[in-house]
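Worksheet: the structure to be examined is printed underneath.
As the structure is a computational prediction, the values presented were derived from the model and not from experiment.
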Amino acid sequence: QVQLVESGGGLVQAGGSLRLSCAASGRTFSNYAMGWFRQAPGKEREFVATINWSGSSTYYADSVKGRFTISRDNAKNTVYLQMNSLKPEDTAVYYCATASSKVMTTTGRRYDYWGQGTQVTVSS
């Protein structure tokens, strides 16, 4: 059974930083691309960042480009999201997900397993 467990969320002031972690188990982590998504209250889930199976390629939503960094450690079966220069509009529940292939994707339906989410709240 595949499990994804996020951690690292919390309350931070605008301009601050947080690092989210997502620990994966249940299948060969390095065979799959990974992604981060978020959902704010009253809004649809949106793509944040994705990384390919090896970590050699990444892609970001325009709203976080230059502020967020996705990375992975295949030896630890963990994907990370370093979030800097946080803004109140970054407030959301953040979810990690594992894609159905090695290729990174921004499309939610191409991810077949999801974590339970971790809350990030940025105060102004």
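How far CG of L4 is from CD of Q116: 8.5 Å, rounded to the nearest 0.5 Å. In this structure, CZ in R38 is found 9.5 Å from CG in L81, a value given to the nearest 0.5 Å. Going from atom CG of L86 over to atom CD of Q13 covers 11.5 Å, rounded to the nearest 0.5 Å. N52 contributes atom CG, which lies 6.0 Å from atom CE of M104 (distance to the nearest 0.5 angstrom). To the nearest 0.5 angstrom, Y60 atom OH is 9.0 Å from F47 atom CZ. In this structure, OG1 on T50 lies 12.0 Å from CH2 on W36, to the nearest 0.5 angstrom.
Put simply, V48 and V79 are part of the same group of oily side chains (I, L, V, M, F, W, Y) that touch within less than 4.5 Å, one to the next. Under the 4.5 Å side-chain contact rule for hydrophobic residues, V64 and I51 share a cluster. Both Y59 and Y111 are assigned to one and the same hydrophobic cluster, defined by single-linkage of ILVMFWY side chains at heavy-atom distances under 4.5 Å. Grouping the Ile, Leu, Val, Met, Phe, Trp and Tyr side chains by contacts below 4.5 angstrom, directly or via other members, places L20 apart from V93.
Shown here for S123 and L11, the closest heavy-atom pair between the two residues is CB-CD1, 4.4 Å. In terms of heavy atoms, A99 sits closest to V103 at CB-O, 4.4 Å. The shortest non-hydrogen separation linking T91 to A40 is O-CB, 3.6 Å. Between G108 and W114, the shortest heavy-atom contact is O-CZ2, 3.5 Å.
Cation-pi check for R72 over F29 is met; the charged atom lies under 6.0 angstrom from the ring centroid and within 45 degrees of its normal. Cation-pi geometry between R45 and Y95 is not met: the NZ or CZ atom fails to fall both under 6.0 Å from the ring centre and inside 45° of the normal.
The main-chain N or O of C96 is found under 3.5 Å from a side-chain atom of E6 such that the two form a donor-acceptor pair. Judged by distance alone, with hydrogens and angles left aside, the side-chain atoms of N84 form no donor-acceptor pair with the main-chain N or O of T69 at under 3.5 Å. With R67 contributing its side chain and S85 its backbone, the two residues share a donor-acceptor pair below 3.5 Å. In terms of modelled atom types and a separation under 3.5 Å, the side chain of T78 and the main chain of K76 share a donor-acceptor contact. T107 places no side-chain N or O within donor-acceptor distance of the main-chain N or O of R109, the cut-off being under 3.5 Å.
By the 4.5 Å heavy-atom criterion applied to side chains, D90 and M83 are not counted as neighbours. A 4.5 Å side-chain heavy-atom check between R27 and T98 finds at least one atom pair inside the cut-off.
Note: F68 and Y94 have tilted aromatic rings, judged against thresholds of 30 and 60 degrees for the angle between ring planes.
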Working note: Y113 + Y32, criterion side chain to side chain contact (heavy atoms under 4.5 Å, CB included); need CA distance, chi angles, decisive distance, verdict. CA-CA 11 Å; Y113 293 97; Y32 302 93; over 6 Å; no
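With respect to K65 and D62, a salt bridge is recorded, a charged nitrogen being found less than 4.0 Å from a carboxylate O.
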